[in-house]
Every structure is written in C-alpha cells, then in structure tokens.
Amino acid sequence: MVVGAFPMAKLLYLGIRQVSKPLANRIKEAARRSEFFKTYICLPPAQLYHWVEMRTKMRIMGFSAAAVKPLNEGAAAELGAELLGEGIIFMTACSCLMLEYWRHQLQHLRKEKERRVAREELRGEVGHLGLALEELQAQVHAAPMQLALEELRAQLQEVRAVLCLQDLPPASPAEPESEE
C-alpha cells in the first residue's frame, strides 16, 4: 500500500506539534518555579517584547513613547514563559517544515538522476539503432544491385547460349563415302 507524502508529512507535523505542546507547558512550569530560569531566560525577552509592543502601540495612536514602564516580575515571568512555549512550538514547526523541504529536495534530485540515466540509456539505444539503420540501408542499397547483377549474369548466359547455338555449323547430310 502506497501512502502519499503530503498526508504523512501533515500527520507527522501534527504528531510533533502535539508532543511539543506538553513539552512547552513543562518548560513554562519550570520557568515559573526556577529563579535562575525566570531571571535570565524568561524576564529579558518578556521585557523586550513588552517594550516593543508598547512603543509600537503608542506610535500608532500618535503619542510619544519616551519611556515605557517595565512589567512587574510576575507578569514578565508569565509572558516570558508563554513566549518561550510559543517559541518552542514555532521552532518545532519550522524544523518539521525544513525536514520536509529537504526530503522533497532529495526526492526531486533522485528523480532527476533517474531521468538523466534513462535519457542517457535512450541516447545510447538511439545511437545503436542509428547504426543498425545505416547497416540495413547499406544492405537495401546493395540488394537491388546484387539482384540486377544476377539478372544481368543470367541474361549474359542466355545470350552466350544463343550465340553458341548459332555458331555451330549446321549438321551436314551424310556424305557418300567414296570408294577407292
């Protein structure tokens, strides 16, 4: 039974995504509990994200965003853990896409190589058939000449036979023997 590549890739992607969600949730929980993880891994990206988001919103509304008040530690840890979880899911999806792309490229290269080999085999076969055709054409050219030559030989033999019959002296009647 042959299974199409796209449905299998989609199924694989969904399976990896389902596995990555609990992994992301577990990492988020560890980020909330661990002070080191929270301080150095979750808080800096969360504060940066909050700063960029607030400056963008303020500029869109037409206000000057000179100073953006940072998030409190609890909210920043929660936002950082969410960003980390979403980042893990996103990286998992991107890696699945890259793997699928590489697999497709390898399959395409394999098919192209097979086509190239088949094309070379066909070229060799065409060359062989071309030589065979030239030989057959030479035989066809030679065959009428041989037939004509044999026909001429047969006619020549007929002419010789006729000439030989004409050259023979006619049979003379028996001469009376002279008595001596």
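FYI, side chains are in, hydrogens and waters are out, and symmetry mates aren't considered; it's all heavy atoms of this structure.
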Just do the side-chain contact (heavy atoms from CB on, under 4.5 Å) check on Leu122 and Arg119 with the steps written out, would you?
CA-CA 5 Å; Leu122 287 174; Arg119 195 177 312 126; 5.7 Å; no
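Taken to the nearest 0.5 Å, the NZ atom of Lys113 stands 14.5 Å off from the CZ atom of Arg115. Between the CG atom in Leu43 and the CG atom in Leu48 there is a gap of 12.5 Å [rounded to 0.5 Å]. Within the model, atoms SG of Cys42 and CD of Glu73 stand 11.0 Å from one another, a figure rounded to the nearest 0.5 Å. To the nearest 0.5 angstrom, Phe63 atom CZ is 15.0 Å from Arg55 atom CZ. Expressed to the nearest 0.5 Å, how far CG of Asn72 lies from CG of Leu79 amounts to 11.0 Å. Interatomic distance, CD of Gln105 versus CD of Gln107, reported as 10.5 Å (0.5 Å rounding).
Annotation: Met58, atom CE; neighbour count of heavy atoms from other residues, nucleotides and ligands within 6.0 Å is above 12. Annotation for Arg110: atom CZ counts as buried by contact number, over 12 foreign heavy atoms lying within 6.0 Å. More than 12 non-hydrogen atoms from other residues, nucleotides or ligands lie less than 6.0 angstrom from CZ of Phe37.
For Glu114 and Lys111, the salt-bridge test fails: no basic side-chain N is under 4.0 Å from an acidic carboxylate O. Taking 4.0 Å as the cut-off between side-chain N and carboxylate O, Glu120 and Arg116 do not count as a salt-bridged pair. Salt bridge absent: Arg153 and Glu150 never bring a charged side-chain N and a carboxylate O closer than 4.0 Å.
Minimum interatomic distance between Ala46 and Gly80 (heavy atoms only, all atoms of both residues): CB-N, 3.5 Å. Across all non-hydrogen atoms, the minimal contact from Ala77 to Lys38 is CB-CD, 3.3 Å. Nearest heavy-atom pair, Ile88 versus Thr92, reported as atom, atom and distance to 0.1 Å: O-OG1, 2.7 Å.
Of the possible donor and acceptor atoms, none in the side chain of Gln47 sits under 3.5 Å from a partner among the backbone N and O of Ala76. The backbone N or O of Phe36 sits nowhere less than 3.5 Å from a side-chain atom of Thr39 that would complete a donor-acceptor pair.
In this structure, Leu99 belongs to a hydrophobic cluster whose other members, linked by side-chain heavy atoms under 4.5 Å apart, are Met98, Tyr101, Trp102.
Glu86 places none of its side-chain heavy atoms less than 4.5 Å from the side chain of Leu83. For the pair Met54 and Lys69, the minimum side-chain heavy-atom distance is 4.5 Å or more.
Ring-plane geometry between His108 and His104 is classed as parallel, the angle between the planes falling under 30 degrees on a 0 to 90 degree scale with a further cut at 60.
Taken together through direct or relayed side-chain contacts under 4.5 Å among Ile, Leu, Val, Met, Phe, Trp and Tyr, Tyr49 and Leu84 form parts of separate hydrophobic clusters.
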